[in-house]
Amino acid sequence: MNLMDLARPAEEVAPRLLGAVLTHETSEGTVSIAITETEAYSGAADPASHAYRGMTPRNAVMFGPAGHLYVYRSHGLHWCANVVTGTDGAASAVLVRAGRVIEGEDLARRRRGGMAESSRLARGPGNFCQALGVTAEHNGSDLLTGASVTLSEGEPVPASLIRIGPRVGVSKAHDWQHRFYLAGDPTVSAYRLSPRAKPSHGA
DNA sequence: CGGTTGATCGTCT
DNA sequence: GACGATCAACCGC
């Protein structure tokens, strides 16, 4: 993934982020996670996007320039992280849904409450943030200028391994083929249709 | 297994 | 005042 490409629309950037690495350095240590699953949210035209109803204090970061982190709280208890993409004002973003811990596994496991299985440490958007140690304080941080959370190129991912599917957990436009993941990877979150999902066109 | 549900609170209507 | 871009525990089979 060429980091200059972040200015492209989310649905274009999302597959290219597979294999890229998010790193968080703290006084406790460093955790790095290679991304294995993403979801694209296409700004104002996307009914499932937080930006659909325009800018609010919460989603303001989405409307800014690409390469920043948009962090929000989900269901009162989880943090979820997006990489902002697209041109300034486009409100395009890629939700990071899962990854493989490649550095700092002990620290990641401690943050997750000591759970044993490595492949599950960063499986699911809430778990990913918990393992990486990302919270609201990182909202808006620039991933490219060496802040505490940074995005870097990882090992290239063979295009033949990339799969596309419907988005997870959203109640609107869940059938948009905007979810990208690595075939057969155990760190990819289990697919679940939203309990509230309604068919958006046919039966 | 697979489906269902409780936890928990910021954000928007 | 309702409802999530969630997770894990718990049920019944």
Side-chain angles (χ1 to χ4, degrees), chain A residues 9-15 17-18 22 33 35-64 66 68-86 90-101 108-140 163-181 186-200:
Chain A
E11 58 271 30
E12 227 174 280
V13 176
L17 277 177
L18 297 175
L22 277 171
I33 305 182
I35 298 170
T36 58
E37 180 183 3
T38 60
E39 248 171 34
Y41 287 87
S42 315
D46 182 350
S49 171
H50 287 174
Y52 186 52
R53 289 168 203 283
M55 185 161 60
T56 68
R58 174 178 66 155
N59 64 22
V61 173
M62 289 182 81
F63 289 80
H68 289 244
L69 200 64
Y70 166 48
V71 181
Y72 68 94
R73 202 202 266 288
S74 174
H75 292 264
L77 54 158
H78 304 287
W79 298 108
C80 298
N82 295 250
V83 176
V84 175
T85 71
S92 181
V94 175
L95 173 68
V96 179
R97 289 197 53 90
R100 175 190 308 282
V101 178
R109 177 170 285 112
R110 226 175 303 143
R111 287 178 175 149
R112 295 276 286 115
M115 89 150 39
E117 246 202 278
S118 303
S119 65
R120 284 174 35 181
L121 287 175
R123 192 172 72 162
N127 292 336
F128 188 103
C129 281
Q130 194 176 10
L132 194 58
V134 161
T135 65
E137 71 180 275
H138 303 103
N139 187 36
R163 294 290 178 273
I164 307 178
R167 292 187 289 200
V168 173
V170 298
S171 58
K172 286 164 285 196
H174 61 85
D175 52 351
W176 287 29
Q177 303 289 299
H178 271 18
R179 174 176 176 252
F180 302 86
Y181 59 99
T187 65
V188 171
S189 69
Y191 172 70
R192 257 177 302 119
L193 203 56
S194 166
R196 299 163 190 273
K198 293 168 201 144
S200 63

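In what follows, every chain begins at residue 1, and chains take the letters A, B, ... in the order their sequences are listed.
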_Atom pair distance, as rounded to whole Å: CG in N127(A) and P in dA9(C)_ = 11 Å

_Among dA5(C), dA8(C), dC7(C), which nucleotide has an atom closest to any side-chain atom of H78(A)?_
dC7(C)

*Whole Å only: how far is the CH2 atom of W79(A) from the P atom of dA5(C)?*
15 Å

_Whole angstrom value for the distance that separates P of dT8(B) from CD of Q130(A)_ = 14 Å

*Under 6.0 Å between ring centres, would you say that holds for H178(A) and Y41(A)?*
no

*What's the closest nucleotide to the V170(A) side chain, out of dT6(C), dA5(C), dC12(B)?*
dA5(C)

_Gap between atoms OH and P, on Y72(A) and dC12(B) respectively (whole Å)_ = 13 Å

*Would you indicate which nucleotide in dG4(C), dT11(B), dC9(B) comes nearest to any side-chain atom of R73(A)?*
dC9(B)

*Among L121(A), V188(A), T187(A), find the one that has a side-chain contact (heavy atoms from CB on, under 4.5 Å) with R100(A).*
T187(A)

*Taking OH from Y52(A) and P from dT13(B), how many angstroms apart are they, rounded to a whole number?*
12 Å

*From dA5(C), dG4(C), dT13(B), pick the nucleotide closest to the side chain of H75(A)?*
dG4(C)

_Can you tell me how far apart CD (E117(A)) and CZ (R109(A)) are? Round to the nearest 0.5 Å._
9.5 Å

*In whole angstrom, what separates L95(A)'s CG from dG4(C)'s C1'?*
13 Å

*With the side chain of R112(A) defined as its heavy atoms from C-beta on, choose the nearest nucleotide among dA5(C), dC7(C), dA8(C).*
dA8(C)

*Atom CZ of R58(A) and atom C1' of dC9(B): how far apart are they, to the nearest Å?*
12 Å

_Distance check needed: dG4(C) P versus L77(A) CG, whole Å only._
15 Å

*asked:* If you count heavy atoms of other groups shown closer than 6.0 angstrom to CZ of R120(A), is the number above 12?
replied: no

*Secondary structure string for DNA chain C (Watson-Crick or G-U under 3.5 angstrom, | for other-strand pairs)*: ||||.|||||||.

